There are 2 protein chains.
Amino acid sequence: MAASDSLDAPAGTAGQLSRGDIPVMRRASLREQVRQAVEELIVFGKLAPGEHLAEESLAELLGVSRQPVREALQSLSVAGFVDLRAGRGAFVHEPTAREAREVFHVRALLESDSCRLAAQNVDDDGVRRLEAIYTQGHEASQRNEDPRRLIELNRAFHRAITEIGANRVSLALLADLERRAGWYLATIITNRAPSSWAEHRAILDAIAARDADLAGDLMLNHIDHSRELLEFTGQ
Amino acid sequence: MAASDSLDAPAGTAGQLSRGDIPVMRRASLREQVRQAVEELIVFGKLAPGEHLAEESLAELLGVSRQPVREALQSLSVAGFVDLRAGRGAFVHEPTAREAREVFHVRALLESDSCRLAAQNVDDDGVRRLEAIYTQGHEASQRNEDPRRLIELNRAFHRAITEIGANRVSLALLADLERRAGWYLATIITNRAPSSWAEHRAILDAIAARDADLAGDLMLNHIDHSRELLEFTGQ
DNA sequence: GTCATCCATACTGCATACAGTATGGAGCGA
DNA sequence: TCGCTCCATACTGTATGCAGTATGGATGAC
């Protein structure tokens with residue numbers, strides 16, 4: 001890391017340091033902390049779909065004033081976790097099976113494209129990074145480790161590909177879609193497909209071979225295939 | 001419309017009316033009005049990229065308090081029109097050529113998919129609606145009408161297809177992307193391709209024939225093709 | 001003249017205050 | 001018993017107040 005290099009240098013030659021090289025713990029804004037807290041409450045089911053989120057009571061619960069709570073709720077509204085009814089306030093969004101399918105569909109589109117881009121942009125270092133995650137995931141999967149770890153590794157693999165694809169707009173959209181998808185998985189989706197590391201292997205090979213079309217098609221099938229295995233409650 | 005039907009009915013039988021059938025002018029919230037006002041100021045170049053948007057002065061300019069301005073700025077930040085720097089406030093976002101390309105790319109992806117869905121979902125009424133817009137656009141284009149009307153018709157055609165495609169998640173994302181794209185077109189893009197109604201004709205035919213794959217491919221080429229004709233300033 | 005330090009300024013982020021409105025139930029009449 | 005009206009309540013939307021911090025220029029040291 002550049003910062004530690006500079007720290008190793010003799011005192012007085014710290015001029016190489018640039019802004020942010022030595023970050024200090026800067027507490028995130030209250031509205032951001034509130035946002036994360038409320039999102040977790042929703043994702044973990046502590047706040048049920050349809051529930052009215054009164055600003056005052058939420059503020060008291062979290063030990064802050066209404067203001068940051070308001071702003072957090074508006075942000076969560078954009079992300080699809082709550083609905084704002086004019087004059088009524090915020091209510092926990094009630095996801096439908098249709099909506100879940102749509103989110104997964106769009107996610108498949110964007111990830112497939114990112115995968116295509118990744119195959120075009122990837123360098124040897126990127127391939128090594130993917131290999132490392134794949135090995136971890138493959139082994140963890142075969143050893144039947146903790147499901148949460150498996151999910152985490154699965155996400156890591158997908159995110160790494162998206163980052164190599166390097167379309168920041170797509171990256172930002174996918175971040176939101178993934179969090180929504182995670183919520184759906186935790187609530188209205190009763191049965192999820194196991195992540196297939198055999199398919200991941202094929203995708204990785206296509207990327208390593210810089211075969212963009214193949215990589216994109218494989219990823220599309222990979223996600224759409226798993227989507228068909230999902231079972232939705234309701235609708 | 002259901003409302004007028006009911007209004008034609010004899011007095012006293014108004015029980016058929018349901019919520020919202022007779023909407024009254026309900027002023028949008030201040031934060032929403034501020035949001036739109038500031039977005040227009042940015043899109044029309046009244047506020048230059050990089051400019052600092054101080055809450056107080058904006059509030060005074062618009063005749064409201066800081067509160068709705070704050071909330072509007074946060075909303076505009078999510079939409080990509082302003083950047084929020086912690087402790088510094090809001091600055092008009094400075095779009096790059098790369099970012100513009102990425103937005104157009106993602107837009108092409110989503111619209112192409114919507115087009116595919118449209119070809120699967122469309123009914124005869126939908127085809128007629130597209131035909132009507134096409135005819136208008138084609139003729140207006142041949143008569144070389146006001147560029148703003150041409151742009152409007154072009155948008156109408158694309159939006160109609162997206163609506164027939166009926167993926168609401170995609171629809172919402174595209175609405176945002178289109179507004180960003182409009183801004184880029186107005187600022188950093190110096191030369192835009194004329195909308196091709198010949199290509200629109202082919203897309204419409206594919207939808208009418210319910211040929212989803214062809215429709216999707218045509219739309220992808222249509223947008224990606226026009227993207228290549230764009231010339232960007234900077235970067 | 002150059003550089004570091006200090007401070008006045010301006011503005012954000014959060015808290016509080018106030019006015020207006022949606023809502024559900026009590027009360028009243030049929 | 002049923003339905004309408006009216007009102008108390010609770011909560012949102014907006015305004016204002018206050019404390020903390022980033023910034024740029026003035027001031028002084030070298």
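Note that the structure is predicted; figures quoted are calculated from it, not measured. Protein chains get the first letters and strands the later ones, always in sequence-line order, with residue 1 at the start of each.
An OP1 or OP2 oxygen of dT12(D) is reached within less than 4.0 angstrom by no side-chain nitrogen or oxygen of Arg70(A). One finds a side-chain N or O of His52(B) lying less than 4.0 angstrom from the OP1 or OP2 phosphate oxygen of dT12(C).
In terms of position on DNA chain C, the residue among Pro68(A) and Ser57(B) whose nearest nucleotide sits closer to the 5' end is Ser57(B). Both Gly87(A) and Glu55(B) lie near DNA chain C, and the one whose nearest nucleotide falls closer to the 5' end is Glu55(B).
Atom-to-atom, CZ of Arg31(B) to C1' of dT14(D) comes out at 11 Å; the value is rounded to the nearest Å. Note: CD (Gln33(B)) to P (dG13(D)) measures 14 Å, nearest angstrom. Rounded to an integer number of Å, the gap from Gln67(B) CD to dA19(C) P is 17 Å. Distance Leu62(B) CG to dA15(D) P: 11 Å, rounded to the nearest Å. Taking atom CD of Glu56(B) as the reference point, atom P of dG13(C) lies 14 Å away to the nearest angstrom. Per the geometry, CZ belonging to Arg85(B) stands 12 Å off C1' belonging to dT23(D), to the nearest Å. Straight-line distance from the CD atom of Glu71(A) to the C1' atom of dC14(C): 9 Å, rounded to whole Å. For the pair Leu30(A) CG and dT16(C) P, the computed distance is 12 Å after rounding to whole Å.
Taking the six-membered ring for Trp and thresholds of 30 and 60 degrees, Trp183(B) and Phe81(B) have ring planes inclined between 30 and 60 degrees apart.
Judged purely by atom type and a 3.5 angstrom limit, Ser170(A) has no side-chain atom pairing as donor or acceptor with the backbone of Asn167(A).
Leu84(B) comes within 4.0 angstrom of no nucleic acid atom, judged by non-hydrogen atoms across all strands. Contacts of Leu73(B) with the nucleic acid, taken as non-hydrogen atoms under 4.0 Å apart, are absent.
With respect to Glu39(B) and Arg35(B), a salt bridge is recorded, a charged nitrogen being found less than 4.0 Å from a carboxylate O.
At a cut-off of 3.5 angstrom, the base of dG13(C) holds no donor-acceptor pair with the side chain of Arg88(B).
By the neighbour-count criterion of 12 heavy atoms within 6.0 Å, atom CD of Glu145(B) is densely surrounded, having more than that number from other residues, nucleotides or ligands.
For Ala54(B), counting side-chain heavy atoms from C-beta on, the closest listed nucleotide (dG13(D), dA15(D), dT12(C)) is dT12(C).
For the 3.5 Å distance criterion, the side chains of Gln74(A) and Gln74(B) fail to qualify, holding no donor opposite an acceptor.
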